[in-house]
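Reviewing the structure listed below.
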Amino acid sequence: MNFRFQNLLGAPYRGGNALIVNDSHLISPIGNRIAVTDLLKSQTVTLPIQASSNIIRVATSSDGLFLLAIDENNRCLFINLPRRAVLHRITFKGPVHAVVFSPDGKFIAVGVGKLVQIWRSPGFRKEFFPFELIRTFADCNDKVTSIQWSPDSNYILVGARDLTARLFYVKKVKGVHFKPFIFLAHRDSVVGCFFGVDKKTNKINRVYTVTRDCYLFSWGYVEEEGAESDPPSPGTPERDTDGMVLDGSARKRKDFDWKDDTRGGEGEYVSKGKWELKRKDGFMQAPAKLTACDYHKGIELLVIGFSNGVFGLYQMPDFVCIHLLSISKEKITAVGFNGLGNWLTFGCAKLGQLLVWEWRSESYIMKQQGHYFDVNCLAYSPDSQLLATGADDNKVKVWTASSGFCFVTFSEHSNAVTALHFMANSNCLLSASLDGTIRAWDLFRYRNFRTFTTPSSRQFVSLAADQSGEVICAGTLDSFEVFVWSMKTGRLLDILSGHEGPVHGLMFSPASAILASSSWDKTVRLWDVFDGKGATETFRHMHDVLTVIYRPDGKQLASSTLDGQIHFWDPIDGLLMYTIEGRRDIAGGRLMTDRRSAANSSSGKCFTTLCYSADGSYILAGGSSKYICLYDVADQVLLRRFQITHNLSLDGVLDFLNSKNMTEAGPLDLIDDDNSDTEEGVDRQTRGNLGYHLPGSMPNRGRPIVRTKCLRIAPTGRSFAAATTEGVLVYSTDDSFIFDPTDLDIDVTPETVDMAINEGQMKRALILSLRLNEDSYIKKCIFAVPPSDIQCITSAIPFKYLQRLIEAFADLLESCPHLEFMLQWCQEICRTHGHSIQQNSRTLLPALKSLQKAITGMHQDLADTCSSNEYTLRYLCSSTAGTNK
């Protein structure tokens, strides 16, 4: 029952910037969550951290330890990336469009509206208020769009929408005012600005500014001795080094002095000269606009992304085009280099597309794309290794559940995919669509090998197949019928008529060939498909039936109705066993357009999807709400409610709306006064605006409404997946995804391990040694366990310590003389934790290979010893026989 959030599938990227840290880990925002992708292992993990709204900017420190995430509400999370824990929180006073850590990791530069703020970066030390504002530069006349630090962390280069870039000297020197140098001559807003470094002296000698109208400006540094001071400006109020107006007596802000600064320091060399425009180059992509750019100082490469889906790679400073290719027809919203400069990252928010491309070999390192619209349905394979999703974008995607990667996409459907079903052998996937077809997909050859159709076009909304895989049934939306086909021949066998409304629920009994169907005509019908006798039983309800599902043993049937109730039936006797009243459990969340409060509103207070657990003891229920409810079937009680998201960018998350946001023209959030992107000539391409201009779209500015469309529990019973507005949320009970805070206990010492061994507490001693992660103590505890207690102790070892234990066994087998003792340990480990090892084979593969290598080597040594002994015995026997003669 201890389900915890494990991963988020279905959308690898939703907007904002994407970064690569430590040359192998890709960080990308997904709504109000953050995904970390290991590009070497091809594995994606979503951090169990939620921001208050969609994340728009992320930044990481140079060592990859700290992550800064800023959302649409200007709230910032300071995250310890290895521990996946939020260390600090802060709220900025304006919209943030740029944030960068300094190369030395001591400071953070944040572009808050027109201001550039320098904050002292928090560390591991405990502080009352860790964020300390050091300096504020108020020179820009429009919002800041780009910030770049110099390699020595003394200068920042700031680009803004006021058509300028500015060079600031960050540190303070008493009595000296370094006026920022302004780079002019731009005709459009500056998208990016970068420093060029001389490789011999490691000093700044060039500056590149990239503008939105597809031009690159290259600036060169010229030293000047005895530069003239600024001409007098009568009537202009004096400003201090922070841009604050002086009132003649005292400053209004506390003066933070930099303790290590002196006049004439090494880092002031750029302030003593001037900058000249060396060349101006055009990218020749009109009428497209330049939307994203990045520069790598080490190899002097510049990558550019445009609004028409084209990207270019240029060698600087000569502006030589290396690549000019097209990714898609949509706007590229994020580009970037990894630390080595051999991989490029591209993100397209409208398509949910995220690419990592190696530009030298012109090959993809990663290519992932989520569903364009919300996911409608999903299905687990019988072995729980695969997860299939279908959506309104007409596509079917198959994901590896353990890694979170999509490995195949089927796009043959011409309308929304409404239902999915895996066949018993896991090699065949069925999909139903509103285009009037049922398609069968081969997961070995990745092709559509059979298509089931009807004499006249119908819209299918439900799908089922019997246990043998011989018969396929589909329910329709328009004709209220159930069609039956033969899987082998593809021939239409029968049409089951009787329902008077759309057939939205369909499932075969796991124990027999009885088909259950639910419809909006307030009935659940049971059909004997093979005998062809029509409906054998009808269960009548007081309201429309939304879905129906069998218990895994086939001895119980559950159905949900429009009044928020879940009815449990005995399909054999046809009796109502009990009912769960769930209206109050699922109620929650008020839409911006609702005239009533969440408590008094009747909309969304019903379950549209149900799913039994593997043992049938509890049932999951979800609907048009922010909650997923978990009920105990026998006692009809609510065990737990899962809130699928806290993202305030979605509609229906808040229970109480702020009355201050209500105006005479309606709710303030629904008034469309944001016209900045249209003024720039590029329509906003975000997921929230996809259906805004479509006929019949919701009058809430296209804000997605939080809901759960489909729930499925894995056949193993250890995880379940929910198709929600945010994507496919995967919850798991596996210990490998749970952080155990007891590892931080100060009592875990070598003395404690020795004390536990002396007291005979072998299980506690072994777990303490694994937490201590000291190789000598782990081996000491292994040898201290009596052979008769091995089975008991292996069953008590948590899975997260299994890899370390297997590595210790592999090391011991190469040098330990106690062969049978070690093999008994290995046998019990495989017997007790075999399921977990199989489910996480990718993670444990290196340790298992080491163990296999050690066992194989020991086997070979034993084989050689036995063969040698056999030959020696034969020789002795033959010698003895010859002597006796």
Side-chain angles (χ1 to χ4, degrees), residues 17-18 97-98 142 145-146 148 157 159-165 183-196 206-220 275-297 299-337 341-351 353-364 676-685:
N17 59 323
H97 299 282
D142 207 335
T145 57
S146 173
Q148 180 77 12
L157 195 58
R161 286 185 57 184
D162 59 0
L163 316 186
T164 63
F183 300 90
L184 299 173
H186 309 112
R187 294 186 299 178
D188 206 337
S189 60
V190 178
V191 178
C193 47
F194 311 100
F195 283 109
R206 293 183 302 275
V207 164
Y208 302 108
T209 55
V210 185
T211 59
R212 194 173 167 275
D213 58 352
C214 303
Y215 280 98
L216 170 69
F217 295 80
S218 300
W219 308 81
W275 296 84
E276 295 180 349
L277 179 61
K278 297 296 183 182
R279 57 185 296 173
K280 177 182 177 182
D281 300 288
F283 295 105
M284 305 303 176
Q285 290 294 320
K289 297 295 184 181
L290 193 147
T291 55
C293 59
D294 192 21
Y295 177 74
H296 193 281
K297 301 184 186 70
I299 55 178
E300 297 184 336
L301 285 180
L302 179 70
V303 59
I304 304 293
F306 300 95
S307 59
N308 58 0
V310 176
F311 79 91
L313 184 65
Y314 297 87
Q315 181 68 57
M316 304 304 293
D318 300 327
F319 195 70
V320 177
C321 181
I322 300 176
H323 291 293
L324 189 63
L325 302 172
S326 176
I327 298 176
S328 64
K329 296 182 181 179
E330 302 297 339
K331 169 184 173 182
I332 297 176
T333 53
V335 297
F337 284 97
N342 55 343
W343 292 348
L344 299 175
T345 305
F346 301 100
C348 178
K350 187 173 183 180
L351 298 179
Q353 191 176 42
L354 195 61
L355 308 175
V356 179
W357 191 64
E358 187 175 9
W359 61 272
R360 287 190 176 93
S361 62
E362 301 184 21
S363 59
Y364 284 108
S676 60
D677 287 333
T678 307
E679 291 173 359
E680 294 176 359
V682 178
D683 292 334
R684 173 173 295 181
Q685 295 185 6

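All values derive from a computational prediction rather than experimental measurement. For reference, positions follow the sequence shown, starting with 1.
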### Task
For His186 and Thr209, test the side chains for any donor-to-acceptor distance below 3.5 angstrom and give the result as yes or no.
yes

#### Entry: Gap between atom OG1 of Thr333 and atom NZ of Lys350 - 0.5 Å precision
12.0 Å

### Message
Contact between Val310 and Leu325 at the side-chain level, heavy atoms closer than 4.5 Å - yes or no?
### Response
no

### Message
Students often mix this up, so state it plainly: with edges at 30° and 60°, are the rings of Tyr295 and Phe194 parallel, tilted or perpendicular?
### Response
tilted

### Query
Minimum heavy-atom separation for Ala18 to Thr345, with atom names?
CB-CG2, 4.0 Å

### Message
side chain to side chain contact (heavy atoms under 4.5 Å, CB included), that's the test. Do Leu301 and Leu313 meet it? Break it down for me.
### Response
CA-CA 7 Å; Leu301 285 180; Leu313 184 65; 4.3 Å; yes

#### Entry: Point-to-point distance, once rounded to the nearest 0.5 Å, from OG of Ser189 to CG of Leu163
7.0 Å

### Task
May I ask you to test the Ser218-Arg206 pair for a side-chain heavy-atom distance under 4.5 Å?
no

### Task
Could you give me the CA-CA distance, side-chain angles and deciding distance for Val210 and Phe283, then say whether side chain to side chain contact (heavy atoms under 4.5 Å, CB included) is met?
CA-CA 10 Å; Val210 185; Phe283 295 105; 4.2 Å; yes

### Phe319 and Tyr314 aromatic centres sub-6.0 Å
yes

#### Entry: salt bridge (Lys or Arg N to Asp or Glu O under 4.0 Å) involving Lys280 - partner list, sequence neighbours excluded
none

### Message
Between Asp281 and Tyr215, is there a side-chain heavy-atom distance shorter than 4.5 Å?
### Response
no

### Message
Within the 4.5 Å heavy-atom criterion, are Glu300 and Pro317 side-chain neighbours or not?
### Response
yes

### Task
Over 60° means perpendicular and under 30° means parallel, so classify the ring planes of Phe346 and Trp357, tilted if in between.
tilted

### Query
Just wondering, do Gln285 and Leu324 contact through their side chains at under 4.5 Å, heavy atoms?
yes

### Query
Do you know the tightest heavy-atom contact between Ala288 and Cys214?
O-SG, 3.3 Å

#### Entry: Beyond-backbone contact of Leu344 with Val356, side-chain heavy atoms, under 4.5 angstrom
no

### Validation row: Phe311, Ile304 side chains within 4.5 angstrom (heavy atoms)
no

#### Entry: Heavy-atom side-chain proximity of Thr211 to Arg187 below 4.5 angstrom
no

### Task
List the steps, then state whether side chain to side chain contact (heavy atoms under 4.5 Å, CB included) holds for Arg212 with Val191.
CA-CA 6 Å; Arg212 194 173 167 275; Val191 178; 3.8 Å; yes

### Message
Quick check: Trp219 with Tyr208 (ring centres under 6.0 Å apart)?
### Response
no

#### Entry: Pair His323-Glu362, side chain to side chain contact (heavy atoms under 4.5 Å, CB included): steps then yes or no
CA-CA 10 Å; His323 291 293; Glu362 301 184 21; 3.0 Å; yes

